[in-house]
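Note sheet for the following structure.
Just so you know, ligand 1 is whichever comes first in the structure, and atom 1 is the first atom listed for that ligand. Side chains included, hydrogens not; waters and symmetry mates left out as well; all remaining heavy atoms used.
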Amino acid sequence: MKIPRVVIGMSGGVDSAVSAFLLKRRGFDVIGVHMVNWDSQEEGTSNCPRSKDESDARNVCDKLNIPFHTVNFVKEYWNDVFLRFLENYKMGRTVVPDIDCNHFIKFSAFHKVAQERFDADFIATGHYATTSFGDFQQSRNASEEIRLFSGRDPLKDQTFFLCTVTQEQLKRAMFPLGSLQKTEVKRIAEQEGFHEVAKKPESMGICFVGKKKRFSEFLDEYIEPKSGKIVLKNGKKIGNHHGIHQFTIGKRINGTYLEERSHFGFFVSEINSETGDIVACEGSHHPNLYATRFLINRPSWISNSDDPLKSHPPSEILCRIQRTHPPVSCLVEYSDENLSVIPRIPLRATAPGQMCVFYTTKNECLGGGEILRILDTL
Ligand SMILES: Nc1ncnc2c1ncn2[C@@H]1O[C@H](COP(=O)(O)OP(=O)(O)OP(=O)(O)O)[C@@H](O)[C@H]1O
C-alpha cells in the first residue's frame with residue numbers, strides 16, 4: 001500500500017518544525033514547503049532574497065532528512081489578502097488578515113500547489129485545532145462530514161482563524177499539534193535539537209508587518225493621509241486626525257490628536273467613514289464601548305448540511321469576536337440575508353470588519369460571519 005504523502009507548511013517556527021517531526025515519526029512520506037508571501041526586498045526592509053524563516057525551515061527539514069521546497073505566493077497574498085486589508089482599514093474597519101490568509105493562501109493556493117506539484121494526499125500545518133477525523137486523519141470516513149474543534153491548548157486555539165475553511169479543504173488538512181499543549185511542543189523541539197526554532201519568540205499579529213515596525217507607521221506607508229475631526233457623541237469637537245485608518249474601536253486616543261484632556265482618557269467608540277469623524281467617549285469602560293446587539297453577514301458554515309444555528313438549541317450557541325476572548329453565549333436572529341447577534345454579556349470593542357465566530361458548548365467551531373454594524377450599545 002502506498003504510504004500517504006503529506007506536505008507540511010514550514011514557516012520557520014517551532015509549531016511547523018514539531019509537526020514535521022511528528023508526521024515523519026508516524027511514517028508518512030513528508031515534504032516540507034515554505035511559502036514566501038511578502039516581498040521584503042521590494043518593500044525595502046531587507047536586502048536578502050532568502051529570509052531567516054526560510055533558512056530555519058530548510059535546516060529543520062535537513063535535520064529530519066525530508067525534502068524542502070519554496071513556493072512564491074507574493075502576488076496572491078497581495079491581491080487576496082493585503083489589498084482587502086487596506087481597503088477595509090481605509091474605511092475604518094478592523095479586519096483580521098489571518099482569516100483571509102488561511103482562506104485564500106494556506107488552505108487554497110497552498111493546497112493547490114501541494115496537490116498539483118507535490119502530489120500530496122494531505123496538507124499539514126502547525127495550527128492548534130482538531131477535527132473529527134483525528135490529528136493525523138486516522139479516523140477519516142469519506143462518507144461523513146468533517147467537523148472542526150478547538151485545539152487542546154485553550155491559550156493557543158486557532159479555530160477562530162479557521163472559521164471560513166470549507167469541508168473540502170478540511171478533509172485534506174492535518175493538524176498534528178491539535179492534541180498538544182504549546183509547552184509540550186517546545187519540549188519536543190528542544191529534545192529533537194531544533195534549538196534555533198524553539199527559542200524564537202511567538203509570531204505576533206500580522207505576518208507582513210515587520211516586528212520592529214509600528215503598525216500605524218506601516219499603514220501610513222500604504223494609505224494616504226485624510227484629515228478629519230474627533231468628536232464626542234454630542235457633536236462637540238475635541239481634536240483632529242490625519243486618517244481614520246489610524247483608529248480602532250475601543251483603543252485609547254493618543255493625546256497628540258486631542259485639544260482637550262481627560263483624566264480617564266478618550267477612547268474610540270465609532271468610526272464614521274462617510275464624514276471622516278472619529279467618535280470618542282471618555283473612559284475605557286464607557287457604556288458606548290459595549291455592544292449589546294450587532295449585525296453580521298450570512299456566516300460561512302463549516303458544515304455543508306443544514307444551517308447549524310437552526311439545528312442547535314439557542315442556549316448552546318456561543319460566539320467570540322476576538323481569538324483570545326472566551327466564547328460567550330448569544331442569541332441570533334435572521335434579518336433578511338444577515339444575522340443579528342445578541343450576546344448575553346455586552347461585548348467591549350466590537351468593530352465592523354471583525355469576525356463573529358460561532359461555537360457549541362462542546363468546543364466545535366461552526367463557522368463565522370463578518371460584523372457589519374453595531375446596532376445597540378449599553
Ligand atoms: N511562510 C509559511 N510557509 C509555510 N507554511 C506556513 C508559513 N506560515 C505559516 N505556515 C503554516 O501555518 C501554520 C500556522 O501559522 P501561524 O502563522 O499561525 O504560525 P505559528 O502558530 O506561529 O506556527 P509556527 O510556529 O510554525 O510559525 C504554521 O504552523 C505553518 O504550518
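Under the 4.5 Å side-chain heavy-atom criterion for Ile, Leu, Val, Met, Phe, Trp and Tyr, Phe28 and Ile66 are members of the same hydrophobic cluster. Val341 and Trp301 fall within the same hydrophobic cluster, where Ile, Leu, Val, Met, Phe, Trp and Tyr residues are linked whenever their side-chain heavy atoms come under 4.5 Å apart, directly or through other members. Cluster annotation: Ile244 is not connected to Val279 through the hydrophobic network of ILVMFWY side chains, with a link wherever side-chain heavy atoms come within less than 4.5 Å.
Counting only non-hydrogen atoms, the option in His34, Lys200, Lys106 that gets closest to atom 17 (O) of ligand 1 is Lys106. Among Ser16, Pro176, Ala57, the residue whose heavy atom sits closest to atom 26 (O) of ligand 1 is Ser16.
Between Lys182 and ligand 1, not a single N/O pair is under 3.5 Å apart. Residue-to-ligand polar distances place Asp15 within reach of ligand 1: an N/O pair is separated by less than 3.5 Å. An N or O contact shorter than 3.5 Å links Ser11 to ligand 1 by distance. Considering backbone and side-chain N/O of Ala17, none are found under 3.5 Å from N/O of ligand 1. Considering backbone and side-chain atoms alike, Gly9 places an N or O below 3.5 Å from some N or O of ligand 1.
Below 30°, between 30° and 60°, or above 60°: for Phe218 and Trp38 the angle between ring planes is between 30° and 60°, a tilted geometry. Note on ring orientation: taking the six-membered ring where Trp is involved, the planes of Phe82 and Trp78 are tilted (angle from 30° to 60°).
Interface of Gln158 with ligand 1, defined as ligand atoms under 4.0 Å from a residue heavy atom, comprises 18 (O), 21 (O). Heavy-atom contacts of His127 reach the following atoms of ligand 1: 12 (O), 13 (C), 14 (C) (cutoff under 4.0 Å). Close contacts of ligand 1 with Val14, meaning ligand atoms under 4.0 Å from a residue heavy atom, involve 25 (O). Atoms of ligand 1 found under 4.0 Å from any heavy atom of Gly126 (numbered from 1 in listed order, with element): 13 (C), 28 (C), 29 (O), 30 (C), 31 (O).
Using a distance-only test at 3.5 Å, with no hydrogens or angles considered, no donor-acceptor pair links the side chain of Arg84 to the main chain of Pro97.
Between the side chains of Asp220 and His242, no donor-acceptor pair of N or O atoms lies under 3.5 Å.
A salt bridge (charged side-chain N to carboxylate O under 4.0 Å, His left out) with Asp29 holds for exactly one of Arg5, Lys24, Lys2; it is Arg5.
The shortest separation from a heavy atom of Val33 to ligand 1 is under 4.0 Å, placing the residue in contact.
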